[in-house]
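Reading through the structure tokens given below for one structure.
Letters go in sequence order (proteins before strands), and every chain restarts at 1. Only this structure's heavy atoms are used, side chains among them; waters, hydrogens and symmetry mates stay out.
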Amino acid sequence: MVIGGLMEGLSITVLGVTVVFGVLGILAVTMYAIGWLERRLVEKEDGGEEPVQESPPKKGLDEKKIAVITAAIMAYLDQKRPKELPIKRKPSEAWWLSGVTSHVGEVENFNYKLGKW
Amino acid sequence: MVIGGLMEGLSITVLGVTVVFGVLGILAVTMYAIGWLERRLVEKEDGGEEPVQESPPKKGLDEKKIAVITAAIMAYLDQKRPKELPIKRKPSEAWWLSGVTSHVGEVENFNYKLGKW
Amino acid sequence: MVIGGLMEGLSITVLGVTVVFGVLGILAVTMYAIGWLERRLVEKEDGGEEPVQESPPKKGLDEKKIAVITAAIMAYLDQKRPKELPIKRKPSEAWWLSGVTSHVGEVENFNYKLGKW
Amino acid sequence: MGIEQAIIDFFEHMGLVNLTIGNIIMILVGLTLVYLAIRYKMEPLLLLPIGISAVLVNLPLSHLANWPLAPQLPPEVQDNIFATLSYLNQQYGPPGIFDLIYYLLIRTEVVPLLIFFGLGAMTDFGPMIADPKTALLGAAAQIGVFVAMLAALVLGFDLTEAASIGIIGGADGPTTIYLTTKLAPHILSATAVAAYSYMSLVPLIQPPVIKALTTPEERRIRMEQLRPVSKREKIIFPIASMIIIGLLVPSAAPLIGMLMIGNLFRESGVVERLSKAAQEELMNIVTIFLGLGIGSTMRAESFLTAKTLIILGLGIVAFASATAGGVLFGKLMMKLSGGRINPMIGAAGVSAVPMSARVVQRLASEEDPGNFILMHAMGPNVAGVIGTAVVAGVFLSALG
Amino acid sequence: MGIEQAIIDFFEHMGLVNLTIGNIIMILVGLTLVYLAIRYKMEPLLLLPIGISAVLVNLPLSHLANWPLAPQLPPEVQDNIFATLSYLNQQYGPPGIFDLIYYLLIRTEVVPLLIFFGLGAMTDFGPMIADPKTALLGAAAQIGVFVAMLAALVLGFDLTEAASIGIIGGADGPTTIYLTTKLAPHILSATAVAAYSYMSLVPLIQPPVIKALTTPEERRIRMEQLRPVSKREKIIFPIASMIIIGLLVPSAAPLIGMLMIGNLFRESGVVERLSKAAQEELMNIVTIFLGLGIGSTMRAESFLTAKTLIILGLGIVAFASATAGGVLFGKLMMKLSGGRINPMIGAAGVSAVPMSARVVQRLASEEDPGNFILMHAMGPNVAGVIGTAVVAGVFLSALG
Amino acid sequence: MGIEQAIIDFFEHMGLVNLTIGNIIMILVGLTLVYLAIRYKMEPLLLLPIGISAVLVNLPLSHLANWPLAPQLPPEVQDNIFATLSYLNQQYGPPGIFDLIYYLLIRTEVVPLLIFFGLGAMTDFGPMIADPKTALLGAAAQIGVFVAMLAALVLGFDLTEAASIGIIGGADGPTTIYLTTKLAPHILSATAVAAYSYMSLVPLIQPPVIKALTTPEERRIRMEQLRPVSKREKIIFPIASMIIIGLLVPSAAPLIGMLMIGNLFRESGVVERLSKAAQEELMNIVTIFLGLGIGSTMRAESFLTAKTLIILGLGIVAFASATAGGVLFGKLMMKLSGGRINPMIGAAGVSAVPMSARVVQRLASEEDPGNFILMHAMGPNVAGVIGTAVVAGVFLSALG
Ligand code: NA
Ligand code: NA
Ligand code: NA
């Protein structure tokens with residue numbers, strides 16, 4: 001049985017090695033093709049356009065973090081609300097006056113949180 | 001069968017429209033009643049008292065955030081611990097001396113975390 | 001039946017009280033033993049060495065937080081990147097040049113996140 | 001086993017040689033959903049998982065989903081979920097992971113109910129409490145549900161199917177899934193995909209209907225500011241509505257109950273840990289399983305039928321007639337109130353929270369940039385969620 | 001089906017016309033718990049979900065909980081959870097979501113054990129390691145468990161019920177649920193509600209008992225500072241106690257084991273991700289299901305009995321006598337130590353972590369504002385958790 | 001029951017008097033894993049839970065794990081997980097929590113697949129997309145799997161065991177667990193522990209093998225910078241590879257499918273909530289259950305056999321020969337490319353992401369501090385994950 005098992009094991013080995021090289025080889029070829037298409041596509045889309053970046057370049061520091069901290073610093077120094085908080089796009093001034101902005105914020109938040117069921 | 005189904009569909013439609021208007025109508029009436037009671041209650045509680053606010057007015061910025069940042073700024077500028085950290089109510093000075101404050105913090109934290117099993 | 005149950009209840013009470021005192025007593029003795037061993041071990045490890053602290057002494061404020069905030073303040077004040085961000089150990093300059101640092105960051109992060117599957 | 005035999009076996013069980021035209025079409029459909037989700041951000045939280053798992057289950061022999069969606073069950077097994085599981089295992093082999101998700105989490109209604117729980121924790125019913133009469137607009141928009149149901153009946157669907165198709169017009173994904181699972185599971189993938197796709201298309205479907213039914217003068221109507229709502233009212237609301245609806249339409253109690261428990265967690269202010277968990281940890285995990293589970297029902301044999309196309313068509317009818325129902329009732333209320341109600345807010349009775357309310361606001365701003373009716377439209381908007389759940393309850397009690 | 005018939009059907013199945021007096025009372029009880037949780041912040045993380053789901057399950061025909069809590073099972077099904085599920089489905093129809101929560105998560109003990117796991121990750125055993133003799137005070141407070149058990153026996157409860165009632169005195173919610181589920185599931189709602197309610201009432205129940213048993217001089221006793229505890233000791237402790245208790249009282253091993261695994265995760269310092277998950281993500285989700293599941297057991301037929309009132313009464317007896325047991329043993333230790341131990345810290349042997357320890361501190365401060373014994377009281381406090389689990393183990397081995 | 005009888009009973013059921021030598025050894029083994037995890041940070045996220053739950057299940061009569069791991073099942077029950085559960089309950093009593101974790105979460109493959117889902121959401125396939133030929137090195141390292149399998153066959157293991165042992169060489173914990181669970185569950189604890197332990201030992205096992213097979217000149221080879229990869233490519237990659245592999249090796253589809261769904265969530269950029277949940281909330285919870293579940297399989301009767309020692313030995317053979325396979329293929333590619341490929345990066349084909357890539361970088365820096373090949377080594381590294389899943393698929397299709 002050991003011999004029989006060993007023979008079968010060898011068969012599986014041949015099959016397995018072939019398959020794993022075959023699959024990863026095909027994947028590699030596919031990736032080369034995708035890469036080639038991508039470069040053609042980028043060239044075509046606009047000669048002047050920059051190539052698509054991996055991820056938005058994180059310039060310096062997270063803008064939101066800066067904003068929060070800026071606001072906090074100003075709040076600390078002056079003990080009053082800074083004039084411009086770049087944290088969040090505010091609704092128009094009329095909304096501030098209407099006094100239901102907090103509602104809107106929550107509702108909008110709802111949207112951003114889980115799409116729009 | 002289509003005709004039979006359609007007749008039953010019409011029955012369900014009549015029933016459904018009635019029920020959905022009925023239910024939301026009753027809900028609306030209930031909400032008007034609750035609102036009326038609420039206003040009476042607020043007036044009764046105290047003529048001078050402010051009406052119950054929706055949520056605690058977030059004045060300027062989150063106090064905790066300001067505190068953390070204040071502390072950090074001071075720590076950065078002076079490289080020493082600020083005299084007053086408004087972050088958390090400290091246990092009395094005696095506790096600082098006893099050297100087991102970290103325990104207390106953890107334990108208290110435990111409480112704040114999940115109530116008091 | 002009530003009498004029979006009561007007798008059995010008394011038996012369980014005797015057993016239960018004995019067991020709970022026994023178990024917590026043994027635990028107490030074990031903890032004394034562990035504490036004694038710990039003290040001997042600490043003395044042995046190094047006469048001069050400090051005793052093992054409960055947790056790393058959190059000096060002043062979380063270093064990382066300070067770093068983030070420092071960076072943000074400087075970014076805010078100068079609108080330029082601070083020279084030294086003590087936030088994270090950077091890969092060598094050569095890596096900056098190679099332009100794939102973001103990859104490394106992600107990959108390293110992967111490691112820190114869930115060990116090395 | 002010789003090496004030749006092993007190779008032959010391997011090739012015979014290769015997915016590629018077992019691929020059907022149906023599989024290929026379904027893979028393309030799945031990829032289309034993925035594309036729409038990524039490129040146009042169409043409900044990505046659901047259409048991306050749905051699309052990609054539709055691709056995956058249509059790769060032949062992949063054993064991710066081995067069990068049929070609407071199996072013929074012997075009578076002694078029917079209606080017994082535990083006996084059903086054992087029977088399916090016996091008949092079709094051990095469950096794949098998508099079978100477990102579908103049969104244990106979606107068929108048992110656990111997932112749609114937990115989503116409603118999370119939605120409750122995310123929803124602010126304030127605008128509706130501030131102006132309760134707008135709740136009726138949330139009822140009016142349900143007319144679309146019945147229009148689509150009757151249309152489906154005319155087109156030859158049976159009653160349970162027609163009800164499931166009609167509910168698409170409610171624009172509530174979880175309610176659609178809940179009802180279809182109970183009444184007509186074999187068309188679940190079609191109704192779920194229709195519900196979520198059209199929700200994304202609200203900004204395209206609603207404006208022409210609204211414009212056709214209102215005059216510019218009507219769209220310009222400004223509404224007076226909403227009164228503030230106290231914390232106490234917000235706490236009482238979920239409790240009261242749970243009890244009232246539970247007593248009147250018990251078959252809607254699971255949906256409304258979970259929604260209102262979530263909302264009570266939110267408004268009580270004393271269980272922030274749990275409210276956050278309902279909105280985030282639990283919601284995210286459940287959303288993943290919902291998307292994967294629904295996508296796994298998109299199989300060639302059940303999806304690629306003429307029925308699916310008709311269902312997708314009826315979905316548009318449902319959305320459009322729901323919008324019309326809301327707007328027309330809005331016009332009635334405008335008349336009765338002496339012109340103090342902007343009829344457009346009726347269109348927001350199509351839940352799709354808060355998208356249809358924003359569509360209404362946009363149309364108002366187009367006519368008059370200083371006209372702010374978003375919050376007034378939120379009232380019918382959240383009422384529409386309740387309304388659709390009530391209608392689902394009526395369907396369940398009549399047909400379930 | 002004609003329209004008249006549909007309407008008649010609908011009315012006949014309306015919850016309102018099927019409402020019983022029992023339902024109404026239970027809804028009021030549920031609302032009371034919700035009120036206490038929100039208004040007085042009484043254990044809101046549990047009493048709010050418990051209360052609101054008690055309201056929900058008592059709305060008739062709502063199909064959220066269709067199965068009985070303590071069904072008569074044929075012998076071949078008994079003790080087989082999987083056969084039981086299938087049998088219940090056969091007898092009482094498909095499970096509602098609360099049936100799934102109760103039978104799959106609570107009856108299987110998954111939820112109480114996971115809560116213990118999370119509690120372990122939240123608990124600092126440092127004060128007990130620093131002063132091991134205080135562990136005995138955690139044992140002494142268990143006397144209250146036995147007093148209440150014997151009282152229950154005298155009042156006619158049977159042994160399994162009496163043990164479940166007694167354990168309320170341990171002031172550990174999950175242990176109470178764990179034991180009652182195994183021994184006397186039909187009184188689960190009563191014991192669980194008693195346990196969690198009285199935990200909130202510790203600041204009311206304990207002070208009179210403590211004052212009656214101690215003199216002001218005793219309450220003024222200052223204790224010397226606790227020694228620092230090394231990280232190594234904190235790591236060894238959960239491992240050692242798991243092994244010791246597991247070898248001595250195997251039936252306590254599930255509770256103690258999960259508690260100590262959680263604690264090891266916490267103290268090891270190498271698995272912060274998992275420790276955080278145990279304390280937060282997992283804990284929050286499990287807490288939601290625990291609350292909803294327990295609340296769903298509050299049904300008129302099982303809750304509205306004279307037994308429930310007696311159980312609530314015995315719960316106070318249990319808490320008070322546990323406090324007395326701890327304090328009296330504290331006095332003994334005070335004598336033996338030559339007055340170096342403040343007897344009040346024995347009262348903290350009633351776990352209710354860390355509330356009873358804070359009650360003790362407050363009483364100490366009243367007599368002498370400079371007397372700090374909170375940390376010394378934390379030793380018995382956490383020991384009380386272990387003690388109650390051990391007692392539960394004894395009950396299980398004798399009666400289970 | 002008299003008090004004497006109660007005491008006798010209690011002592012007879014005490015764990016201490018039922019402790020076997022096997023238990024003691026297993027407890028020590030468990031403690032060793034805990035020690036390694038804490039002291040040397042060896043894969044603590046898994047070895048700590050595995051070790052501590054191994055301790056716990058070996059405390060006699062603790063009822064945390066009551067069911068055998070590889071039970072003799074009657075034919076009508078075999079292959080039917082639901083019937084199996086009911087049968088085991090009948091035969092061995094109600095499940096302990098570890099039985100539930102093992103049979104419901106691990107045996108059903110839910111946990112390994114969800115881990116792969118999370119891993120996909122954590123993995124950046126960028127380096128492999130940038131230089132696709134390095135994917136072949138991920139294939140070459142699988143040679144170690146077959147070497148170990150053949151060695152196991154020679155040593156008398158049967159085919160299913162040998163395949164499970166071989167897969168250790170893939171250095172992918174979840175794949176090892178997935179395959180062993182399906183093929184040879186009775187050796188699960190041994191293969192899982194071997195896989196995770198040796199992953200931690202990669203920095204010890206690999207360097208001597210690499211140094212023996214390469215010259216310092218070869219190790220000094222610098223490679224040209226990788227090209228940037230676009231977001232679009234990163235999105236297309238998981239979709240394309242899921243379809244290609246699914247069509248070629250359907251039995252690998254569950255593993256690869258879940259991995260690639262996770263990766264698509266990550267790269268799509270539109271479902272950050274879900275991607276985060278996959279990486280954190282869900283991953284942490286699943287990791288806890290994986291660790292506890294695997295640890296609970298470490299029982300004296302199944303672990304303390306000569307087989308286990310041989311398996312641990314073969315695991316080293318597998319890791320070493322996988323490294324050798326990768327390096328030798330790397331040398332071949334070096335030749336073919338005219339010396340532009342550093343052969344060491346082949347060693348990173350042993351997944352153990354990203355540890356083996358870092359080992360390669362360290363060896364490169366030793367020879368030439370300015371030689372940066374970490375990113376080039378990441379290509380084979382992530383390809384190795386895919387390669388091992390494909391090999392597992394081949395094993396399943398041939399032996400499953
Ligand atoms: Na709706
Ligand atoms: Na206790
Ligand atoms: Na691998």
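At a heavy-atom cut-off of under 4.5 Å, chain F is reached by D:Trp67 from residues 65-76 of chain D, listed in order of number.
When side chains are defined from C-beta on, D:Pro94 does not count as touching F:Ile81, because their heavy atoms never get closer than 4.5 Å. For the pair D:Ile97/F:Thr108, no side-chain contact is recorded, criterion being any heavy-atom separation below 4.5 Å from C-beta on.
D:Val34 touches chain F through its side chain: at least one heavy atom from C-beta onward sits under 4.5 Å away, while N, CA, C and O do not. Using a 4.5 Å cut-off between heavy atoms, D:Leu88 makes no contact with chain F at all. Heavy atoms closer than 4.5 Å to chain F are found in the side chain of D:Phe289, but not in its backbone. Heavy atoms closer than 4.5 Å to chain D are found in both the backbone and the side chain of F:Ile243.
Distance check, rounded to the nearest 0.5 Å: CG of D:Asp9 to OG of F:Ser397 gives 8.0 Å. Taking CZ of F:Arg232 as the start and CZ of D:Arg39 as the end, the distance is 9.0 Å to the nearest 0.5 Å. Taking CE of F:Met260 as the start and CD1 of D:Ile52 as the end, the distance is 10.5 Å to the nearest 0.5 Å. Distance CE/F:Met242 to CG/D:Leu59: 8.0 Å, rounded to 0.5 Å. Note that the OG atom of D:Ser62 and the CD1 atom of F:Ile245 stand 13.0 Å from one another [nearest 0.5 Å]. Annotation: the span from D:Asn284 atom CG to F:Glu280 atom CD amounts to 10.5 Å, rounded to 0.5 Å.
Under the rule for a side chain to side chain contact (heavy atoms under 4.5 Å, CB included), the partners of D:Asn18 that lie at least two apart in sequence or sit in another chain are D:Pro60, D:Leu61. Qualifying side chain to side chain contact (heavy atoms under 4.5 Å, CB included) partners for D:Ile24, counting only residues two or more places apart in sequence or in other chains: D:Leu19, D:Leu28. Listed by chain and number, the residues in a side chain to side chain contact (heavy atoms under 4.5 Å, CB included) with F:Pro49 are E:Phe265, E:Leu274, F:Leu292 (sequence neighbours excluded).
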Worksheet item: Is there a side chain to side chain contact (heavy atoms under 4.5 Å, CB included) between D:Ile38 and F:Leu264 once you walk through the steps?
Response: CA-CA 10 Å; D:Ile38 297 179; F:Leu264 180 62; 4.2 Å; yes
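When all heavy atoms are compared, the tightest approach of F:Arg273 to D:Met122 is NH2-CE, 3.7 Å. The shortest non-hydrogen separation linking F:Ala253 to D:Leu56 is O-CD1, 4.4 Å. Taking every heavy atom of both residues into account, F:Leu248 and D:Phe10 meet most closely at O-CZ, 3.7 Å. Nearest heavy atoms, F:Glu281 versus D:Ile285: CB-CD1, 4.3 Å.
Between chain D and the options F:Ala83, F:Pro254, F:Gly246, the largest number of non-hydrogen pairs under 4.5 Å is found for F:Pro254.
Side-chain atoms of F:Asn80 come within 3.5 Å of backbone N or O of D:Ser86 as a donor-acceptor pair.
Residue F:Glu272 qualifies as open at atom CD: its count of foreign heavy atoms under 6.0 Å is 12 or below.
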